[in-house]
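Can you read through this structure? Questions will come right after.
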There are 2 protein chains.
Amino acid sequence: MNGPQTEENYLESYNPGDYPPVALAADLVVFAVAGSVLHVALVRRGTHPFRDRLALPGGFVGPRESAEDAARRELAEETGLDLGGLLVHIEQLATYSAPLRDPRMRVVSTAHLVLLATNGSTLPALAGAGDAADAGWYPAHEILAGKPGGQLAFDHSVILLDGLNRLAGKMEYTTVATQLLPGEFTLTQLRTVYEAVWNSPMAPGNFTRKMTPQLEDTGQKTRTAGGGAPATLFRATDRHIHPPLARPRTP
Amino acid sequence: MNGPQTEENYLESYNPGDYPPVALAADLVVFAVAGSVLHVALVRRGTHPFRDRLALPGGFVGPRESAEDAARRELAEETGLDLGGLLVHIEQLATYSAPLRDPRMRVVSTAHLVLLATNGSTLPALAGAGDAADAGWYPAHEILAGKPGGQLAFDHSVILLDGLNRLAGKMEYTTVATQLLPGEFTLTQLRTVYEAVWNSPMAPGNFTRKMTPQLEDTGQKTRTAGGGAPATLFRATDRHIHPPLARPRTP
DNA sequence: CTTTTAATTATCAGATTGATAATTAGGAAA
DNA sequence: TTTCCTAATTATCAATCTGATAATTAAAAG
């Protein structure tokens, strides 16, 4: 809100000193697919609390930034990627503000979902440039399956789960999965992304039938790797999938 | 984030005085349906900036509250409702953090979607108890249609639109629309909610066919008002609608 | 009663789905 | 170059779902 209505001059009389300071942070749930597996970028914490535990990358929001600006900046620092262009999909996930989520002080964090494009085999390099913590890629579903001791720091397991659910859900009715692939891709590559995120196999024929009309045919074909017919190269569109592509039931 | 990873001792060395103060707020997009129209609760601002413009209700987040706690508290203050129970649906929408969204100082606001139950004709009373600003109900689609001068204060038009889109979208694949009705309701009441939110008529027969298996039959029937067969009373479930109920195409 | 109204059920052609099989076209091996 | 292998694509088919429309049912109003 701005200028609360229950007491109209609240903000005018608002004195920052009256409140304990609040730190605003931006956390990142960065996904990329390689080897048919959905990976998430995590960092190993070097200090207390949660020393040696894995955590989501993130950082503080500067005074002249929006939360998304900060997320973009942190991502660039983390990956060394240029991000000059539209290569990266970023969207806001949710804000986590439980008063005691950080034992040291009040940290309110706005989490962001980030999708990086890969060719399906090579993960983007992380933390290349001089930064402290060692960042790495971890299989997202395994992290979430979470051996009891292997939970993430703070409430980051919840954030990661929210991020995965957001992505998995949106893939039912949008073509957002294409953001995990290069500008041109085959239906098999796209299907692999679906299988990696949904952690469930898809019937190739039906997948092709459903997705083809949502994509733009480039007219080009790939040379096939180990035998098989050449695959058509497609480009993403912003079309919505209607009716949605059903996620295989999990019972 | 907590304890940024690009510089591990960042938080330890974090000095609140280094940053301009940030005010944390919780805004509310409160919906209720009456007379087949979706209404949103708005307050008329009494002070600058945006004096005399309509705005979303909201308030600051206290030092010991989460954003959702604050939203609940503000809602109670605004409506005088008890909220003791599960009568009210609250979910987080998004966080708005553009540095200049409030011209006076930095206010980061987490917006919440709130659904109030009505019988379809009477809107809940607002701002009953001694509070300053006059709050009232306004037709949501008309507000969004927005006569050029009639925009909401701050970025609240965007927040309202985001809230409506969230609700409208979720109604395709969940039974969240039942949160705008009493515990027991008829299919016609539920259809009216869909029509009010989607701003589009629905075929009664097909609506019944699709929704009936998602609801719990109470076995009871209503006495009908102005003629017509008695309607079955249903209760909500948490089932998902699969495949989703398609929103009438708008072209 | 008879008429009016609203809730519900029924129909029906066209789409969509899930399962499965057939076809196609390149690479690799004989 | 012929044959076999593999992967991409297309084809089938029954079951289900959709959108449109009509028929049936049951209560209220005159």
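Here is how names work: the chains are called A, B, and so on, in the same order as the sequence lines, proteins then strands, and each is numbered from 1.
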**Asked** Starting at CZ of A/R247 and ending at C1' of C/dG18, how long is that distance when rounded to a whole Å?
**Response**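 For the pair A/R247 CZ and C/dG18 C1', the rounded distance is 18 Å.
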**Request:** Could you check whether the rings of B/H156 and B/F154 sit parallel, tilted or perpendicular, using 30° and 60° as the cut-offs?
**Result:**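 Rings of B/H156 and B/F154: tilted, as their planes differ by 30° to 60°.
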**Item:** Nearest listed nucleotide, side chain of A/A229, among D/dA26, D/dT9, D/dA7
**Value:**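 Among D/dA26, D/dT9, D/dA7, the one nearest the side chain of A/A229 is D/dA7.
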**Side chain of B/A203 - closest among C/dT16, D/dT21, D/dT18** =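 When the side chain of B/A203 is considered, D/dT21 is the closest of C/dT16, D/dT21, D/dT18.
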**Length of the line joining B/Q220:CD and D/dA27:P, which is rounded to integer Å** =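 The distance from CD of B/Q220 to P of D/dA27 comes to 15 Å, rounded to the nearest Å.
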**Item:** d(CD1, B/I241; C1', D/dC17) in whole Å
**Value:**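 Answer to the nearest Å: 14 Å.
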**Message:** Whole angstroms only, please: what is the NZ-P distance between A/K210 and D/dT10?
**Reply:**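 These atoms are roughly 17 Å apart.
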**Message:** Can you identify which nucleotide, out of D/dT9, C/dT16, C/dA7, has its nearest atom closest to the A/P243 side chain?
**Reply:**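 Of D/dT9, C/dT16, C/dA7, C/dT16 is nearest to the side chain of A/P243.
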**Prompt:** Over how many whole Å does the gap from B/M211 atom CE to C/dT9 atom P extend?
**Reply:**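 It is 15 Å, rounded to the nearest whole Å.
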**Request:** Could you tell me the separation between the CZ atom of B/R209 and the P atom of D/dA22, rounded to a whole number of Å?
**Result:**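 Computing the B/R209:CZ to D/dA22:P distance gives 16 Å.
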**Request:** Nearest whole angstrom, please: distance from the P of D/dT25 to the NZ of B/K221.
**Result:**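 Value for this atom pair: 14 Å.
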**Message:** If you only use heavy atoms from C-beta on, which nucleotide in C/dT8, D/dT18, C/dT17 is closest to the side chain of B/T232?
**Reply:**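 Of all the options, the side chain of B/T232 is nearest to C/dT8.
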**Asked** Among C/dG18, C/dA7, D/dG19, which nucleotide sits nearest the side chain of B/A246?
**Response**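 Of the options given, the side chain of B/A246 lies nearest D/dG19.
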**Request:** Give one of base, sugar-phosphate or nothing for A/T188, where a contact means two heavy atoms less than 4.0 Å apart.
**Result:**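 Sugar-phosphate contact only.
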**Asked** A/N206 has a side chain; which of C/dT20, C/dT8, D/dA20 sits nearest to it?
**Response**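 Closest of the options to the side chain of A/N206: C/dT20.
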**Sole candidate of A/T178, A/L181, A/T175, A/T212 that passes side chain to side chain contact (heavy atoms under 4.5 Å, CB included) when paired with A/F234** =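 Of the listed options, the one satisfying the test is A/T212.
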**Message:** Rounded to whole Å, please give me the gap between CZ in A/F207 and C1' in D/dT9.
**Reply:**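 Distance, rounded to whole Å: 14 Å.
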**Message:** For B/T95 and B/T110, which I'm curious about, is there any donor-acceptor pair between the side chains at under 3.5 Å?
**Reply:**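 Judged by distance alone, the side chains do pair up.
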